[in-house]
Amino acid sequence: MSRSVVSSRSPRLRRFTRRGALALVAGVGAAAVLAGCGAGQISETAKIQPAVQGANAQSDSGTIALRDLTVLFPGGGDATYTAGQDAPLVVRIANSGAADDALTSVSTDAAESVVYVDNTASAAASPSGSASPSGSASPSGSASPSGSASPTPNDQPPGSDRFHLTVATQDLLTLLPDQGKYLELYKVRRDLRPGQTVRLVFHFEKAGDVQVDVPMAPPQQVTTRSPAGVEHPKEG
């Protein structure tokens, strides 16, 4: 009777023993990894610089919201805009009001002026979204920032500092350098580098003035691309 009981339970005991051994091996492996990190091995996630959130602001009426505003990070291996250079801006404007509004100008002490640039006539890419700014400014410079090269100083503004950019009701207006229509700091008055901000005042036709301190965007994370097209952090 006791043999019958032992023989019927021994396969089950063997399964439990096997599972326990696997769990023990997995635990030892995890401990080794943690020990390696403590011994000076830096994890790849520690090398990834977190994205810096852009500036947000809202009009006193609550109808106009500025979202995720940044100064475009300069390319070409230089992380600084030197005095006299032009610095493109990334701007998103939402209108939650019952009527259309319009951005007419932007003022700042950090540059000679803030101009509206429209390079869509010569750019291959066209702006996406339903909002279509209809400013009368025409670019007179050759600057076309794409984040791959540092902008150079211009003798003449690449656009006008007076414009009429419609922000339709219940819509989002995006002004992005890589889409051809954007705002730009014309000839910054001091060196501008990551960690610094510029104070801008947006002037709207109906919502009035909206003041916001805009930071420079961080550099994009360096990645390597696998044959399958999946991006992975570059190993040091």
Side-chain angles (χ1 to χ4, degrees), residues 48-75 78-83 85-97 101-117 127-129 131 133 135 143 145-147 150-151 157-159 161-221:
I48 301 174
Q49 182 174 359
V52 173
Q53 184 177 5
N56 298 322
Q58 190 166 306
S59 64
D60 292 338
S61 62
T63 57
I64 292 294
L66 304 176
R67 291 293 178 260
D68 202 23
L69 273 61
T70 58
V71 179
L72 187 71
F73 186 84
D78 190 358
T80 302
Y81 290 102
T82 58
Q85 283 190 313
D86 301 341
L89 301 171
V90 174
V91 176
R92 297 173 178 86
I93 307 173
N95 181 3
S96 61
D101 206 335
L103 178 66
T104 57
S105 65
V106 181
S107 57
T108 184
D109 292 333
E112 287 191 11
S113 61
V114 179
V115 298
Y116 169 63
V117 182
S128 60
S146 60
S150 299
D161 59 357
R162 292 293 182 268
F163 35 82
H164 191 275
L165 306 180
T166 301
V167 189
T169 176
Q170 305 300 317
D171 206 351
L172 176 69
L173 171 65
T174 56
L175 300 171
L176 308 176
D178 61 354
Q179 293 184 358
K181 293 184 179 183
Y182 57 97
L183 298 174
E184 184 170 76
L185 298 173
Y186 172 62
K187 289 189 176 181
V188 296
R189 291 196 167 106
R190 57 177 172 81
D191 291 355
L192 182 60
R193 55 182 57 89
Q196 297 179 332
T197 62
V198 294
R199 177 160 296 180
L200 305 178
V201 181
F202 288 74
H203 305 284
F204 291 92
E205 199 170 61
K206 297 178 181 176
D209 296 348
V210 182
Q211 179 176 291
V212 58
D213 292 330
V214 180
M216 182 187 290
Q220 293 184 351
Q221 176 188 342

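Please read these numbers as outputs of a predicted model, since none were measured by experiment.
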Over 12 non-hydrogen atoms of neighbours within 6.0 angstrom of CZ in Arg190: yes
Less than 4.0 Å between a side-chain N and a carboxylate O, is that true for Asp101 and Lys206? no
May I have the step-by-step check of side-chain contact (heavy atoms from CB on, under 4.5 Å) for Thr174 and Gln179, ending in yes or no? CA-CA 9 Å; Thr174 56; Gln179 293 184 358; 3.9 Å; yes
Does the side chain of Pro74 come within less than 4.5 Å of Met216's, by heavy atoms? yes
Measure the spacing between OG of Ser105 and NE2 of His164 and express it to the nearest 0.5 Å. 11.5 Å
Nearest heavy-atom pair of Asp213 and Arg199: which atoms, and what distance? OD1-NE, 2.7 Å
Run the side-chain contact (heavy atoms from CB on, under 4.5 Å) test on Val214 and Thr197 for me, step by step, so that the C-alpha distance in whole Å, both residues' side-chain angles and the decisive distance to 0.1 Å come before the verdict. CA-CA 5 Å; Val214 180; Thr197 62; 5.9 Å; no
Expected output: side-chain Thr104 to main-chain Phe163 donor-acceptor under 3.5 Å: no
So, taking the atom named CG in Leu165 and the one named CG in Leu175, what distance separates them when rounded to the nearest 0.5 Å? 6.0 Å
What's the verdict on side-chain contact (heavy atoms from CB on, under 4.5 Å) for Val198 and Leu185, showing C-alpha distance, side-chain angles and the deciding distance? CA-CA 10 Å; Val198 294; Leu185 298 173; 4.2 Å; yes
Nearest heavy-atom neighbours spanning Pro177 and Tyr182: CA-CD2, 3.5 Å
Could you check whether any side-chain heavy atom of Leu103 comes within less than 4.5 Å of a side-chain heavy atom of Leu183, counting everything from C-beta outward? yes
Pair Phe202-Val91, side-chain contact (heavy atoms from CB on, under 4.5 Å): steps then yes or no: CA-CA 11 Å; Phe202 288 74; Val91 176; 4.1 Å; yes
Any side-chain heavy atom of Val114 sitting closer than 4.5 Å to one from Leu89? yes
Is there a donor-acceptor pair under 3.5 Å between the side chain of Gln196 and the backbone N or O of Pro215? no
Residues in side chain to side chain donor-acceptor pair (under 3.5 Å) with Asp209, at least two apart? His203
Less than 4.5 Å apart, any side-chain heavy atom of Tyr81 and any of Pro88? yes
Where is the tightest heavy-atom contact between Gly62 and Ser96, given as atom of each residue plus distance? O-OG, 3.3 Å
Below 4.5 Å, heavy atoms only, C-beta onward: do Val106 and Asp161 meet side chain to side chain? no
On a heavy-atom basis, the closest approach of Ala79 and Phe73 is CB-CZ, 3.6 Å
Is a side-chain donor or acceptor of Asn56 paired with a backbone partner of Asp68 at a separation under 3.5 angstrom? yes
Between the main-chain N or O of Val115 and the side-chain N or O of Glu184, is there a donor-acceptor pair closer than 3.5 Å? no
Least distance between heavy atoms, Arg92 atom then Leu176 atom: NH2-CD2, 4.1 Å
Inter-residue atom distance Arg67.CZ - Ile64.CD1, 0.5 Å rounding: 10.5 Å
Main-chain N/O of Ala110 paired with Thr108 side-chain donor or acceptor, under 3.5 Å: yes
Are the side chain of Arg189 and the backbone of Ala111 linked by a donor-acceptor contact shorter than 3.5 Å? yes
Qualifying residues under side-chain contact (heavy atoms from CB on, under 4.5 Å), relative to Thr63, sequence neighbours excluded: Ser59, Ser61, Asn95, Ala207
Minimum heavy-atom separation for Thr70 and Gly54, please, with both atom names. CG2-CA, 3.7 Å
Within the structure provided, determine whether Arg162 and Tyr116 are in side-chain contact (heavy-atom separation under 4.5 Å). no
